[in-house]
A.B. asks: 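First the structure, which I've put down as structure tokens, then a few questions once you've had a look.
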Protein chains: 2
Amino acid sequence: MANHHKQDIESTMQDIVKAMSAKGWRITDQRKSLATLFAEAEGFLSPKDVYDSMRQQYPGVSFDTVYRNLRLLSEMGVLEQIYLNDGLKFRARCGSHHHHHLICLQCEKTVPFEFCPMLHMAGVPADFQVVSHRFEIFGYCPSCESTASSE
Amino acid sequence: MANHHKQDIESTMQDIVKAMSAKGWRITDQRKSLATLFAEAEGFLSPKDVYDSMRQQYPGVSFDTVYRNLRLLSEMGVLEQIYLNDGLKFRARCGSHHHHHLICLQCEKTVPFEFCPMLHMAGVPADFQVVSHRFEIFGYCPSCESTASSE
DNA sequence: ATCCATGCAAATAGTTTGCAAGACC
DNA sequence: GGTCTTGCAAACTATTTGCATGGAT
């Protein structure tokens with residue numbers, strides 16, 4: 001869920017920190033910085049994006065620390081991973097209710113929507129045991145449409 | 001589309017070979033072998049799967065040849081790529097009509113179905129320019145269900 | 001003070017590229 | 001025979017691991 005308001009960002013950031021703390025992890029400056037980064041992000045971030053952002057505040061940060069924390073946060077369920085066409089990306093998991101996303105091919109920002117195909121489906125073989133599903137719509141968001149048409 | 005019958009496999013294999021030939025590519029033994037492999041496959045194959053299969057017939061085959069041909073076939077549209085949880089996979093593109101797939105989490109075989117959520121959707125913001133979509137259902141196929149329940 | 005997290009370096013996995021020798025048309 | 005494809009080696013990218021030091025509780 002996109003958080004455009006300061007208090008939402010702050011509370012998402014706190015949620016992530018709390019989740020880490022509850023698991024017994026130590027709250028280091030880098031981890032606080034990671035939490036803020038994902039709370040503020042409107043789209044997906046690659047490991048390199050995360051590394052570059054963190055380096056602005058912590059010039060000495062190393063790539064392996066970034067990877068370690070991304071993996072830990074993913075395993076905890078705080079972040080979700082997805083492979084977009086240009087590689088592995090992460091974003092803060094939407095905590096609220098089940099929904100899907102529009103994903104902008106240009107800026108990779110996401111827009112949630114409520115329609116879930118599983119509620120309207122017909123034709124799934126009865127003997128297939130469904131575990132999960134994935135539904136995403138790709139295209140261009142209003143801000144990127146003009147740029148996209150000139151390609 | 002799954003090809004379980006010998007004549008389907010043969011014709012899919014011929015289609016792939018024809019597509020390569022039409023593009024002016026030379027039909028080498030390795031490429032014929034690749035075509036057969038994907039025509040026979042019921043699920044997704046990783047580059048390593050492909051390499052291992054090809055090595056049985058062509059012990060000297062190299063990894064880079066596998067990658068080169070997988071990339072060329074993907075760019076041609078003969079194969080489609082997908083990132084499953086355990087990495088990059090390939091399969092022969094279903095040539096017929098638009099549909100989606102059930103994907104078995106155990107054996108990665110796929111089952112097509114006709115329902116497309118885009119035909120039933122409501123709630124997409126009008127200012128989002130839709131380009132493509134992705135809808136997959138994950139679970140266990142009949143043959144894998146028993147194994148899965150014991151995990 | 002204890003133990004976890006970090007940074008560094010090196011290792012590993014996955015994928016791509018340059019080039020000479022061989023295969024296809 | 002000319003050119004495309006292959007295999008080998010090496011380069012490159014992305015990611016992971018071992019270990020000593022520094023930091024959080």
A.B. asks: Which atoms of nucleotides 18-24 of chain C (N or O only) lie under 3.5 Å from a protein N or O atom, and what are those distances?
C.D. replies:
{"unit_1": "C:dC24", "atom_1": "O2", "unit_2": "B:R26", "atom_2": "NH1", "d": "3.1"}

A.B. asks: Considering only heavy atoms, which members of residues 46-62 of chain B lie under 4.0 Å from some atom of DNA chain C?
C.D. replies: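 Hits under 4.0 Å, by residue number: B:P47.
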
A.B. asks: Which nucleotide of DNA chain D is the first, and which the last, in the 5' to 3' direction, to come under 4.0 Å of a heavy atom belonging to chain B?
C.D. replies: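 With heavy atoms of chain B under 4.0 Å away, the range is D:dG2 to D:dA9.
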
A.B. asks: Side-chain donor-acceptor contacts of residues 65-75 of chain A below 3.5 Å, not counting sequence neighbours, with atom names and distances?
C.D. replies:
{"unit_1": "A:T65", "atom_1": "OG1", "unit_2": "A:S62", "atom_2": "OG", "d": "3.1"}
{"unit_1": "A:R68", "atom_1": "NH2", "unit_2": "A:D64", "atom_2": "OD2", "d": "2.4"}
{"unit_1": "A:N69", "atom_1": "OD1", "unit_2": "A:R31", "atom_2": "NE", "d": "2.8"}
{"unit_1": "A:N69", "atom_1": "OD1", "unit_2": "A:R31", "atom_2": "NH2", "d": "3.1"}
{"unit_1": "A:N69", "atom_1": "ND2", "unit_2": "A:T65", "atom_2": "O", "d": "3.4"}
{"unit_1": "A:S74", "atom_1": "OG", "unit_2": "A:L70", "atom_2": "O", "d": "2.8"}

A.B. asks: For B:H101 and B:C94, work out which heavy atoms get closest and say how close.
C.D. replies: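 Taking B:H101 first and B:C94 second, the nearest heavy atoms are NE2-SG, 3.6 Å.
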
A.B. asks: Under the side chain to side chain donor-acceptor pair (under 3.5 Å) rule, collect the residues that match up with B:K89, sequence neighbours excluded.
C.D. replies: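 Only B:D86, B:E108 meet the side chain to side chain donor-acceptor pair (under 3.5 Å) criterion with B:K89.
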
A.B. asks: Side chains of residues 53-61 of chain B: which donor-acceptor pairs under 3.5 Å do they make with residues two or more places apart or in other chains?
C.D. replies:
{"unit_1": "B:S53", "atom_1": "OG", "unit_2": "B:D49", "atom_2": "O", "d": "3.1"}
{"unit_1": "B:R55", "atom_1": "NH1", "unit_2": "B:Y51", "atom_2": "OH", "d": "3.4"}

A.B. asks: Without swapping roles, check the side chain of A:S33 against the backbone of A:D29 for a donor-acceptor pair under 3.5 Å.
C.D. replies: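 No, A:S33 side chain to A:D29 backbone: no donor-acceptor pair under 3.5 Å.
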
A.B. asks: Mind calculating the distance between CZ (A:F63) and C1' (C:dA5) to the nearest angstrom?
C.D. replies: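 Rounded to whole Å, this separation is 18 Å.
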
A.B. asks: Does any non-hydrogen side-chain atom of A:H133 lie less than 4.5 Å from one of B:H100?
C.D. replies: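 B:H100 does not reach A:H133 side chain to side chain.
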
A.B. asks: Sort and list the pairs that fulfil salt bridge (Lys or Arg N to Asp or Glu O under 4.0 Å) and have at least one residue in residues 129-140 of chain B, not counting sequence neighbours.
C.D. replies: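 Salt bridge (Lys or Arg N to Asp or Glu O under 4.0 Å) check on residues 129-140 of chain B returns B:R134-B:E136.
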
A.B. asks: Taking C-beta and beyond as the side chain, do B:I103 and B:F44 meet within less than 4.5 Å on heavy atoms?
C.D. replies: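 Yes; the side chains approach each other to less than 4.5 Å.
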
A.B. asks: Sort and list the pairs that fulfil ring-ring contact (aromatic ring centres under 6.0 Å, His included) and have at least one residue in residues 13-36 of chain B, not counting sequence neighbours.
C.D. replies: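 Output for this query is empty, none listed.
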
A.B. asks: Between A:L102 and A:C141, is there a side-chain heavy-atom distance shorter than 4.5 Å?
C.D. replies: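 Of all side-chain heavy-atom pairs linking A:L102 with A:C141, none is under 4.5 Å.
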
A.B. asks: For the pair made of CG in B:D86 and C1' in C:dA13, what is the distance, rounded to whole Å?
C.D. replies: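 It is 14 Å, rounded to the nearest whole Å.
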
A.B. asks: Find out whether B:V50 and B:F38 are in side-chain contact, i.e. whether some heavy atom of one side chain is under 4.5 Å from a heavy atom of the other.
C.D. replies: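 Yes, close enough: below the 4.5 Å cut-off.
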
A.B. asks: If the helix axis at each end comes from five base pairs, how far does the helix from C:dA1-D:dT25 to C:dC25-D:dG1 deviate from straight, to 10°?
C.D. replies: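 Rounded value for the end-axis angle: 40°.
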
A.B. asks: Under the salt bridge (Lys or Arg N to Asp or Glu O under 4.0 Å) definition, can you give me all pairs with a residue in residues 9-21 of chain A, not counting sequence neighbours?
C.D. replies: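 Sorted result for residues 9-21 of chain A: empty, none.
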
A.B. asks: So, OP1 or OP2 of C:dT15: does either fall under 4.0 Å of a side-chain N or O from B:Y67?
C.D. replies: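 Result: yes.
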
A.B. asks: What heavy-atom pair brings A:F63 and A:K48 nearest, and what distance separates the two atoms?
C.D. replies: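 Heavy atoms only, the tightest pair is CZ-CA, 4.0 Å.
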
A.B. asks: Using 0.5 Å steps for rounding, measure from the OG1 atom of A:T110 to the CD atom of A:E42.
C.D. replies: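 Reported to 0.5 Å precision, the distance equals 8.5 Å.
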
A.B. asks: Extract all donor-acceptor atom pairs below 3.5 Å that involve side chains of residues 113-120 of chain A and protein atoms in other chains or at least two apart in sequence.
C.D. replies:
{"unit_1": "A:E114", "atom_1": "OE1", "unit_2": "A:H97", "atom_2": "NE2", "d": "2.9"}
{"unit_1": "A:E114", "atom_1": "OE2", "unit_2": "A:H97", "atom_2": "NE2", "d": "3.3"}
{"unit_1": "A:H120", "atom_1": "ND1", "unit_2": "A:C116", "atom_2": "O", "d": "3.2"}

A.B. asks: Could you list by number each residue of residues 71-82 of chain A showing a heavy-atom separation from DNA chain D of less than 4.0 Å, or answer none if no residue does?
C.D. replies: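 Under 4.0 Å from DNA chain D: A:R71.
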
